[in-house]
Every structure is written in structure tokens, then in C-alpha cells.
K.L.:
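Here it is: the structure, laid out below.
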Protein chains: 2
Amino acid sequence: MPTPTPTARPRATGRVTLSDVAALAGVSPITVSRALRGERTVDPALAERVKEAASQLRYTPDPAARALASRHSSHVAVLIPMLSNALFVDLLEAVQRTLRPAGYQTLIGITHYNPDEEEQLLREQLQHRPAGLLVTGTDHSATTRALIEGSGVPCVHVMELGNTPGVYCVGFSQHAAGQAITEHLVQRGHKRIAFVAAQLDPRTLQRAEGYRACLRQHGLYDAGLELLSPLPSSMALGSVLFEDLLREHPDCDAVFFCNDDLAQGGLLAALRLGVAVPQRVAVAGFNDLSGSDQMLPPLTTVRTPREAIGEASARLLLALMRGETPPAHSIDLGFELMLRASS
Amino acid sequence: MPTPTPTARPRATGRVTLSDVAALAGVSPITVSRALRGERTVDPALAERVKEAASQLRYTPDPAARALASRHSSHVAVLIPMLSNALFVDLLEAVQRTLRPAGYQTLIGITHYNPDEEEQLLREQLQHRPAGLLVTGTDHSATTRALIEGSGVPCVHVMELGNTPGVYCVGFSQHAAGQAITEHLVQRGHKRIAFVAAQLDPRTLQRAEGYRACLRQHGLYDAGLELLSPLPSSMALGSVLFEDLLREHPDCDAVFFCNDDLAQGGLLAALRLGVAVPQRVAVAGFNDLSGSDQMLPPLTTVRTPREAIGEASARLLLALMRGETPPAHSIDLGFELMLRASS
DNA sequence: CTGAAAGCGCTTACAG
DNA sequence: CTGAAAGCGCTTACAG
């Protein structure tokens, strides 16, 4: 294919710059800048001419120069706990799919559920003067909150709801979801319903509260039936905790695992032990991760809308970065019970 | 704790700049620049004084200004196919863990195994003038290769080996690994060994070649026993393919799945169907992903060193970015057979 | 609606 | 080993 030969290349670097486009279009560089950014103060015909010149020269703006002059970059910093939880992979995919077409690059920081790491990552990311910030959860250290506020960078919190004015959230009620799946187990006639959890991050603890609220309401709550491990969530840990649970509480007739990987491990342990699910023990998980529908029996769980959360939070952030002030400060995208054969 | 009060803040933005540090240390800005970047042409005593001044003012360099002046950013662009394959999550973790302490931010591009997307992502990433590039595999479109070469950005390819001079690779032989796990099945006495694969990316096809080479060598190769699906790999797909396989080839006595998620799905399908593993059909997977050791029976598979690959490739890239020219162009980190009860 | 000037905060040669 | 000058490629006020 024929390559058009640019006419002007004044810079030493050989890079096509605003000035080159300006020269070709016969306007000043600042007009090119305005036209290309879609500022509406530019005469439409002129803007068209500029855009043609730009594409003819294959001009692409230099993000560094833009960042230096405008005092914010084209990056959006994203803080998530851990990619080994598939939940956050789905979230991230949706975020990137929404942000990329708008010209924003995603800067990913993995906190490993560690407040100190989160703080440190945030510091590093803020040095890059991101245009926006997407952080997981609403429960952060005082320093982290101060850093976010002090930066003046538009920020959206994901996965939880919130009620602090000025704090934007997109998620669902972890408490309500925990309560709903527990209620389902109660409705199935179970009386000794255990809660098995790992990691013990804020959202897991909110689900725990939902579980407690439900069982208290039915007069079925027994603190002894809670098995809480601070270890990272995994199938292997789920197996171990399930065995522990049955050993310590042989009368337990149902388990709510705080995440599907634990539940999958639990189901496999049940198979290994010859424990009939759901006849002897019913099992429920959380998040409806990949593979849960393949288990034996298929896992009852809570489908959480992480793709929708990713997209909605990114859209909200785009609005904030455009300088708009959207009214909704806490967007609830709900959840869905996936009732399968394990309960 | 007492906060030292900075003495000089000339800039309008309120940001602490090189000049502020220079003023406090009583030297010129360029000397500060050199001292802070660890250039060895600076008098040690002076450098120390500068560093103290910098930390006293809590100075942090502006990445945008640095990028604009030096013509490359502090970003390392990473191109990976898909985070829903846990393999790449582990790789990415190791890369970030190695690059971050060296002051490099990771820019992640997810190609979805699509050469066009890869090309487009690369273009976008190169606009940010990354200091380094980490790409998955060695098999890329001509345009992608041209973009990489033309950019002059140091680049390391991961997950495969290579023999092209000037192209740096860190990985292992996918072919040898495919061959080795197949050989194991042969040694177990199996005669009708199937290969079940999804996605059909270059590395999967290299494993297929290893499988073929092994079976041909033993006079056991039958092209009909290959089940190749272009769909994305998943447990659900593994279940479906396993059922297809047994229906179409009832005499099949072993299966090598190209990835553990497929194999896990296959094992669950076997449980559902009452197919005895390994007595009736032996099963082997690839990658040793999380959960494979928990299956019923535990899955025989190939442990691939993605953490080591992530770290080694990042170290190699750091050397290249420092301007060094390391001798090893293709680093083989090997693999390990994990022989468990499924075979 | 368009432009000339100044500046964002650094680093790259070039001197000494 | 240190520094003065120039410039990286944009955008932000400020004029007109």
C-alpha cells in the first residue's frame, strides 16, 4: 500500500508533532491541539482540515508532553486485591474494555489485601498523576483516604456500596447477598448452617454479618459454626476447612462458603469423604466463578455482577474525568442467587 | 511526628521540583538530576547532600517530565493473552514483583489471543514510549514484529524458547513438555492416547507436535484421536470435549489435555459419567494450575515455571534497559512432570 | 473563534 | 566532576 510522505519534520527526534500538523493545516499549533481534543471552540471546517492533516501525517499525541502540560496523565490507576481471585479478572476486563476506547490506559496495582501495600501502591500511582482512580472497597486506612482526597483525582470505589457523601461507589450489598444465600439454606429446612471463610477482607466480613443477621432472625445462630481463616482463599484450603468443619461439628447440615473456590474445594472433599451433598450437608458458595456449574453436584452460589460493576464504574469515572458531577453516589447493581443441586 | 518545613516553593503548581532540591542542597538542578539517578559522575559527598535535601523536601520526580526529556517512560508494557488463564496471573505477579522495586510501572495489554488486538495494543503502548517490552510467545504478525523492532524498545519474549539471533526469550520447550507427558502415558502402557485441546494458540500447537512426535516414535499415532477446538479453554469445555471423545472413540485409554482447566472439566465429566480414572481412561493435564491437586483423582500434569519465567524475564529486561547486552538469548527454565493418581 | 507567549519539570548534549 | 543553555511536545491562561 502507498505510504503518504509527510512534508515537514522539523524536530530532531523525527517524531511528528503538533507543529507539523499545524504547518500542513495552515493553522497554529494550539488550534490543532484544540481541534484534536474535540474542544468546541474550533470552527468545524477548520477542525476537519486539522484532523485530515493529522491523519495524513499519522500524528499521535505524545502522552508525556500532554501529561506535563496538563498536569494529569491519560492513565487510570486501578487498585485490586488479587488477580488469583477470578472475580477481579472479570472486573478488570470490563474496566479495560470501557476505558481503552476512551483513550485511557490502565495502571494496575495489586494490593494482596494488604493495607500497607495498598498505601504504597497508591503513592506510586499518584506520582504518575493519573486522570482517575478505581479502588476496591470503601474501607481503607486513614492515610489511603487522605492520599485519595488530597490528590484531587476523581475516584470510584467498586464492589461495595457506600453512604459517605462525595464518595462514589458501584457495587452491591455484600451484607444483603450473604443474608439472601443464608436465607435460601434456611428455607431448604437446614438448621445447623455453618459459615466458612478465608482471607477475611472487609467484603467477606460483610457477608458474614449478613449470614449472622439471617440466622439470628430465625433463632438459628451459633457462633461455633463459623470457621474463619485468615489464609488466602483456594480450593485446597476449602477442602481442609470442610474436613475440619465436619470433624468438629458432625451435626452441621449446611455450609455457606464465602467464595466459590473454597466451596469447590469443599465439594471435592465431600466426594473424597463420601459425604452426600446436599442430603447430608448442603453447600453454597459465592461469586459463581468459572467451574462452579461443573462441580458434582453443581454448586449453588451467588452470581455477582462484576462485569457490570467494571463497566458502570468505568463509565462513572469517565464522567467524573470529564468534569461532570453525576448525581448517583452509590450504584447498586444487585446480585442473583444461582440455585443448583448442591443445596 | 515533626514535619520539616520546605524552604523553597517557586513553582505555581506547588509541586516540589528539582530546583527546590537544588536550592536547598546548594547545587545546580542538573547535578540533582544526576545524583538522584545514581550517575557515578557525581562527587559522593555531594550526592549524599543532594539525597538528604530531596528526602527532606519529600521530593519525587515527575514521570511525565522525565519521559518527555529522556524520550522514554518508566513503563514496561506487557502483552499477555488472557488473565482468565491462571498461568498468566502467576507470570504477571512475578513480573510486577521484580519490576516495581526497580521503579518501573507495568502497563498490561490483554490480547485475547487475537493478533489484530495484539497489534493494536502494541501501537497504543508504544505511544507511551515504554522503557521495555514483555510479550508472550515468539510467533507474531509481521506488523507486530516490525513495530517491536522499529521501536528500538528492549523486548523479551516469554513462555517459549527461540533461536532467532537478537531475540531474547525466557521459557521452556513446549514441544519437549508435550512429548514428555505423552511419553509418561505411553510408559504407563496406554496405546490409544488422545490429545484434547482448545484455543489452539501457538504454544498449544507446539505441545500437540510434541504429542505427535512421541506417539509416532512408538508407532501409536492416530490423527483421529486429536480433538482440537478453537474455543477458549475452560472447565465446561473440557467436560464437553471429554464426553465427545469417549463417544467417538470408546477405545481411547488415555487423554492429554493441553491445559489443566480442560483436564479438570474432563475429570468431573468422568465422575459424572462413572468413567473410572485412571483404570478405564488415564488423564493428564498441563500447567499444574490451582486445584489440580485437589481433583478426584488428583491430576497428573506438567508443572510449568511461570513464576521463574516472570522473574527471569523481568531481570533480563532490566539488564537490557540498563543498556547491557546479556549473552543468553534464550533461557530455558524447564518443566516438571507432576505424576498424580489420574494416570 | 484563533493565536503568541510562557511554562509544565525534567534530561541531553555541549562546555569547562 | 559540575553547570548554563536548550529543548522534549504539549496545554494553560491571557489577549484579541
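Since we're looking at a predicted model, the values are computed, not measured. Because only heavy atoms are used, hydrogens play no part in the values below, and waters and symmetry mates are left out as well, while side chains stay in.
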K.L.:
Grab the CD-C1' distance between A:E39 and D:dC10 for me, whole Å please.
P.N.:
13 Å
K.L.:
Tell me, with the steps shown, if A:S74 and A:Q105 meet side chain to side chain donor-acceptor pair (under 3.5 Å).
P.N.:
CA-CA 6 Å; A:S74 58; A:Q105 287 269 347; over 6 Å; no
K.L.:
Let me know the distance between CG of A:L18 and P of D:dG7, rounded to the nearest Å.
P.N.:
18 Å
K.L.:
Go nucleotide by nucleotide along DNA chain D from the 5' end; which of A:S33 and B:P44 gets its closest nucleotide reached first?
P.N.:
B:P44
K.L.:
Reckon A:P29 touches a base, only the sugar-phosphate, or nothing at all at heavy-atom distances under 4.0 Å?
P.N.:
nothing
K.L.:
Separation of A:H128 atom NE2 from C:dC10 atom C1', in whole Å?
P.N.:
14 Å
K.L.:
Could you state the CG-P distance from B:L46 to D:dC1, rounded to the nearest angstrom?
P.N.:
11 Å
K.L.:
Let's see if you can work this out: which of D:dG9, C:dT12, C:dC10 has an atom nearest to the side-chain heavy atoms of B:L68?
P.N.:
D:dG9
K.L.:
Only Watson-Crick and G-U wobble pairs, only distances under 3.5 Å, only runs of 3 or more: what stems does that leave for DNA chain D?
P.N.:
C:1-3 with D:14-16, C:5-12 with D:5-12, C:14-16 with D:1-3
K.L.:
Does OP1 or OP2 of D:dT2 have a side-chain N or O of B:R40 closer than 4.0 Å?
P.N.:
no
K.L.:
Starting at atom CZ of B:R129, determine the distance to atom C1' of D:dC10, rounded to an integer number of angstrom.
P.N.:
13 Å
K.L.:
Does the side chain of A:P154 come within less than 4.5 Å of A:L133's, by heavy atoms?
P.N.:
no
K.L.:
Using a heavy-atom cut-off of 4.0 Å across all strands, would you classify B:T41 as base, sugar-phosphate, or nothing?
P.N.:
base
K.L.:
Measure the distance from CZ on B:R37 to C1' on D:dT2 and round it to the nearest whole Å.
P.N.:
14 Å
K.L.:
Please test A:R145 against A:E149 for salt bridge (charged side-chain N to carboxylate O under 4.0 Å, His left out), starting from the C-alpha separation and ending with a verdict.
P.N.:
CA-CA 6 Å; A:R145 273 174 306 171; A:E149 268 197 47; over 6 Å; no
K.L.:
Picking from D:dG9, C:dA4, C:dC10, which would you name as closest to the side chain of A:I30?
P.N.:
C:dA4
K.L.:
When you get a sec, tell me which of D:dT11, C:dG3, D:dC10 is the closest nucleotide to the side chain of A:S28?
P.N.:
C:dG3
K.L.:
Taking B:Y168 as the fixed residue, which of B:V156, B:L317, B:V158 is the one that meets the side-chain contact (heavy atoms from CB on, under 4.5 Å) rule?
P.N.:
B:V156
K.L.:
Side chain of A:S70 only, please: which of D:dC8, D:dT12, C:dC10 is the nearest?
P.N.:
D:dT12
K.L.:
Between A:E124 and B:R100, does a salt bridge (charged side-chain N to carboxylate O under 4.0 Å, His left out) hold up when you go through it step by step?
P.N.:
CA-CA 10 Å; A:E124 291 173 17; B:R100 242 189 84 206; 3.1 Å; yes
K.L.:
Does B:L107 offer a backbone N or O that forms a donor-acceptor pair with the side chain of B:Q125 under 3.5 Å?
P.N.:
yes
K.L.:
How long is the line joining CG of A:L36 and C1' of D:dG9, in whole Å?
P.N.:
13 Å
K.L.:
Look at the side chain of A:A65 and decide which nucleotide, out of D:dG9, D:dT2, D:dT12, has an atom nearest to it.
P.N.:
D:dG9
K.L.:
If you apply the rule ring-ring contact (aromatic ring centres under 6.0 Å, His included), what do you find for B:H75 with A:H75, and how did you get there?
P.N.:
CA-CA 11 Å; B:H75 296 299; A:H75 296 299; 4.6 Å; yes
K.L.:
Can you find a donor-acceptor pair, distance only, under 3.5 Å between B:R34 side chain and D:dG3 base?
P.N.:
yes
K.L.:
Looking at C:dC8, C:dT2, C:dC10, which one has an atom nearest to any side-chain atom of A:R71?
P.N.:
C:dC8
K.L.:
Under 4.0 Å: is that the gap between some side-chain N or O of A:R66 and OP1 or OP2 of D:dT11?
P.N.:
yes
K.L.:
Starting at CD of A:Q127 and ending at P of C:dC10, how long is that distance when rounded to a whole Å?
P.N.:
11 Å
K.L.:
Which nucleotide in the list D:dC10, C:dC10, D:dT11 gets nearest to the side chain of A:R15?
P.N.:
D:dC10
K.L.:
If every non-hydrogen atom of B:R129 is compared with every non-hydrogen atom of B:R71, which pair is closest and at what distance?
P.N.:
CD-O, 3.7 Å
